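All values reported here derive from a predicted model rather than from experimental measurement. Atom set for the values below is all heavy atoms of this structure, side chains included, hydrogens, waters and symmetry mates excluded.
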Amino acid sequence: MTATDKGRSYDLAVIGSGGAAFAAAIRATTLGKRVVMIERGTIGGTCVNTGCVPSKALLAAAEARHVTLDAARFPGLPLPDAPPVDMPAMVAGKDKLVGSLRSEKYAALAAEYGWALHPGEATFVGTPTEPALRVTGPDGTAETVRAAHHLIATGSTPWAPPVPGQEAGYLTSTTAMKPDHVQVAAGHRRQLRRHGAGPALLRLGAQVTLLVRSRLASHEEPEAATALEEILADEGLEIIRGAVPTAVRRDPATGEVTITATTADGSHELRAAELLGATGRRPVTGTLGLDTIGVRAGKRGEVIIDSHLRTTNPRIWAAGDVTAHPQFVYVAAAHGALVADNALTGAGLEVDYRHLPRVVFTSPALASVGMTDQQARTAGIRCDSRVLPLAHVPRAIVNRDTRGLIKIVTDADTGRIIGITALAQDAGDLAAAGVYILEAGMTTDQVANLWSPYLTMAEGLKLTAQTFTTDITKLSCCAA
């Protein structure tokens, strides 16, 4: 079915322009369908503008600075000076990178594929059986857009629980990427945060205090979370566990923020140049008018969908962060392509999350795939596990950085690997290799006897598999 509006016919109307939206539009146009995309803000969504790309650009710069200043771990290298970071230049470089990717991978691609791109705020109008979109442009003019199918891909936005006084203001993962805030954060003053990626700011010269309710990476393996906490503390990150913020106020004269937090030891006041709230995100659905066309939403605003990503209205679909599904850009992209196939070809596809990798981009990074020990036991699986410190991985030894570990969890009855966690440089790459291992249903015996290049971090997966049957401390450094 194709809908027509003022001479224009659309098979798919997409609200949003991030990873899910672009994946859907690309797939739909490849199928020969007519697509219209509506975006109320900057094209590209969170990932390229305020999320993955700018944050990882700053993380990479912070890592480069840290490696330079940490040269003393290699005998013979001169100790470097530590001049202050030229933050305006660093931010300008980050913004140039973001602008380049936004232009090449979003705006230019939309033009190349040829779908219609409408700037403006989209709101559903009409009826559940005949839904349409009212698009109000930046100049206030409005038009009605109709399509056979609609995709809600509006993403999510930073969220913080209500704390008295938080109207005094705080940074979020979005506003912290703005040039003036990045410079303040790294200006050799203390920044207090509830949760998040403090190491980048720490390595750029800021003093950082992290307030956490329980422990870091509380859903991951406790051995890895504890090791990460120790590494960050060694680098100067102050971590206050069991902390619950109860009040915030800002000094009008100095601009300094005071946070009151309760811990097991009582109430504490902490002062900072800035407060960064990083307590999660919420779907962006408030202005869509979902009730008008019979689309249900959950308590947090998430669009309710079935296993095919269809909403409670059969002509409307949702993908990415706006749903209650895992908030990763690669999940959003998979969602978008799947929606296009299901809506436009009746493919009936479903998302398989069994071997979805997870990465926390600290340094070293924390990455995992599959089940943790606890998750396996909760699922009733009799499991076995081994933890290999990086002190036994040759690549880490020659890098002179053995902080971290690799853990493998197996089904004790079959030896099949059901979970892998790594705290290491390039841990995300280890998790990617883990996806293939789990997808193939491999056992520790198989991984222990496969080829693995010597002096690679990936060799750590083979070595960890070998620990199930071998004392690897009694092997030579390049023994198979």
Side-chain angles (χ1 to χ4, degrees), residues 195 212-233 239 241-242 325-328 331 352-362 364-393 396 402-450 452 457-473:
H195 188 64
V212 295
R213 286 181 178 267
S214 55
R215 64 173 172 84
L216 297 185
S218 58
H219 296 295
E220 300 297 342
E221 295 285 12
E223 300 95 335
T226 298
L228 175 60
E229 186 171 319
E230 292 172 352
I231 291 168
L232 297 179
I239 302 172
R241 295 177 62 175
H325 290 232
Q327 293 187 343
F328 299 112
V331 169
D352 182 357
Y353 293 114
R354 288 176 302 160
H355 304 140
L356 180 70
R358 313 177 292 276
V359 186
V360 181
F361 287 95
T362 46
L366 173 59
S368 55
V369 59
M371 292 183 171
T372 64
D373 232 329
Q374 181 59 52
Q375 289 169 342
R377 289 194 296 271
T378 301
I381 299 173
R382 194 172 73 86
C383 61
D384 193 9
S385 65
R386 296 290 188 277
V387 176
L388 180 71
L390 293 192
H392 300 297
V393 178
T402 57
R403 304 172 303 167
L405 55 86
I406 299 172
K407 181 174 181 178
I408 289 180
V409 179
T410 68
D411 182 325
D413 296 326
T414 64
R416 184 172 59 88
I417 297 173
I418 57 176
I420 297 173
T421 294
L423 177 64
Q425 181 182 358
D426 300 323
D429 294 339
L430 297 183
V435 171
Y436 310 139
I437 289 172
L438 268 63
E439 186 67 27
M442 297 179 70
T443 66
T444 53
D445 283 345
Q446 289 175 306
V447 174
N449 290 288
L450 287 177
S452 185
M457 199 62 73
E459 184 189 17
L461 294 172
K462 176 176 180 174
L463 292 169
T464 308
Q466 288 178 332
T467 63
F468 281 81
T469 57
T470 304
D471 182 356
I472 67 164
T473 65

Visitor: How long is the straight-line distance from CE of Met457 back to CD1 of Ile406, given to the nearest 0.5 Å?
Guide: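 One gets 7.5 Å once the value is rounded to the nearest 0.5 Å.
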
Visitor: Is there a donor-acceptor pair under 3.5 Å between the side chain of Glu220 and the backbone N or O of Ala225?
Guide: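 No, because the side chain of Glu220 does not come within donor-acceptor range (under 3.5 Å) of the backbone of Ala225.
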
Visitor: Step by step, would you call Val409 with Gln375 a side chain to side chain contact (heavy atoms under 4.5 Å, CB included)?
Guide: CA-CA 10 Å; Val409 179; Gln375 289 169 342; over 6 Å; no

Visitor: Can you tell me how far OG1 of Thr362 sits from CG of Leu228, rounded to the nearest 0.5 angstrom?
Guide: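 With rounding to 0.5 Å, CG (Leu228) is 4.5 Å from OG1 (Thr362).
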
Visitor: Determine whether Phe328 and Val359 make a side-chain contact, defined as any pair of heavy atoms from C-beta on separated by less than 4.5 Å.
Guide: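 No, too far: nothing below the 4.5 Å cut-off.
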
Visitor: If every non-hydrogen atom of Leu430 is compared with every non-hydrogen atom of Ala422, which pair is closest and at what distance?
Guide: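 Smallest interatomic distance, heavy atoms only, reads CD1-CB, 3.7 Å.
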
Visitor: Identify which one of Asp413, Thr414, Asp411 satisfies the side chain to side chain donor-acceptor pair (under 3.5 Å) criterion when paired with Arg382.
Guide: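 The single option meeting the side chain to side chain donor-acceptor pair (under 3.5 Å) with Arg382 is Asp413.
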
Visitor: Given 3.5 Å as the limit, does a donor-acceptor pair link the side chain of Arg358 with the main chain of Ala367, or not?
Guide: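 Here the side-chain-to-backbone pair does not exist.
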
Visitor: Apply side chain to side chain contact (heavy atoms under 4.5 Å, CB included) to Leu450 and Lys462, showing your working.
Guide: CA-CA 8 Å; Leu450 287 177; Lys462 176 176 180 174; 5.9 Å; no

Visitor: Looking only at heavy atoms, which two atoms of His219 and Thr372 are closest? And how far apart?
Guide: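 In terms of heavy atoms, the two residues are closest at O-CG2, 3.9 Å.
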
Visitor: Give the minimum heavy-atom separation between Leu438 and Gly419, together with the two atoms involved.
Guide: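 Nearest pair, atom of Leu438 first, then Gly419: CD2-N, 4.3 Å.
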
Visitor: What distance separates Ile420 CD1 from His355 NE2, expressed to the nearest 0.5 Å?
Guide: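 Interatomic distance, Ile420 CD1 to His355 NE2, rounded to 0.5 Å: 10.0 Å.
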
Visitor: Please give me the minimum heavy-atom distance between Ile418 and Ala376, naming the atom from each residue.
Guide: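 Residues Ile418 and Ala376, closest heavy atoms: CD1-CB, 3.9 Å.
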
Visitor: Would a 4.5 Å heavy-atom cut-off, applied to side chains only, mark Thr443 and Thr410 as touching?
Guide: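 Not in contact.
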
Visitor: CG/Leu216 to CD1/Ile231 distance, rounded to the nearest 0.5 angstrom?
Guide: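 One gets 11.0 Å once the value is rounded to the nearest 0.5 Å.
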
Visitor: How long is the straight-line distance from CG of Leu405 back to CG of Leu388, given to the nearest 0.5 Å?
Guide: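 So the CG of Leu388 and the CG of Leu405 are separated by 8.5 Å.
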
Visitor: Provide the closest heavy-atom pair for Cys383 versus Arg377 in the form atom of the first, atom of the second, distance.
Guide: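 In this case the closest contact between Cys383 and Arg377 is SG-CG, 3.8 Å.
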
Visitor: Just by distance, with hydrogens left out, do Arg386 and Thr464 show a side-chain donor and acceptor under 3.5 Å apart?
Guide: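 Result is no, nothing qualifies.
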
Visitor: Which atom names give the shortest non-hydrogen contact between Ser368 and Thr421, and what distance separates them?
Guide: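 Here Ser368 and Thr421 meet closest at CB-OG1, 3.5 Å.
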
Visitor: Is it the case that the side chain of Arg213 and the backbone of Arg215 share a donor-acceptor pair, with hydrogens and angles ignored and the cut-off at 3.5 Å?
Guide: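 No, because the side chain of Arg213 does not come within donor-acceptor range (under 3.5 Å) of the backbone of Arg215.
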
Visitor: When you look at Arg354 and Glu439, which way does the side chain to side chain contact (heavy atoms under 4.5 Å, CB included) test go after all the steps?
Guide: CA-CA 9 Å; Arg354 288 176 302 160; Glu439 186 67 27; 4.1 Å; yes

Visitor: Rounded at 0.5 Å granularity, tell me how far CG in Asp373 sits from OG1 in Thr378.
Guide: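 It is 10.0 Å, given to the nearest 0.5 Å.
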
Visitor: Does a side-chain heavy-atom distance below 4.5 Å link His392 with Thr473?
Guide: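 A side-chain contact exists here, since the closest heavy-atom pair is under 4.5 Å.
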
Visitor: Would the distance check show the side chain of Glu230 and the main-chain N or O of Ala227 forming a donor-acceptor pair, the cut-off being under 3.5 Å?
Guide: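 Flag not set: sc Glu230 to bb Ala227 has no pair under 3.5 Å.
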
Visitor: Using the rule given for side chain to side chain contact (heavy atoms under 4.5 Å, CB included), can you reason through Val393 versus Thr402, listing the C-alpha separation, both sets of side-chain angles and the distance that settles it, and then say yes or no?
Guide: CA-CA 8 Å; Val393 178; Thr402 57; over 6 Å; no

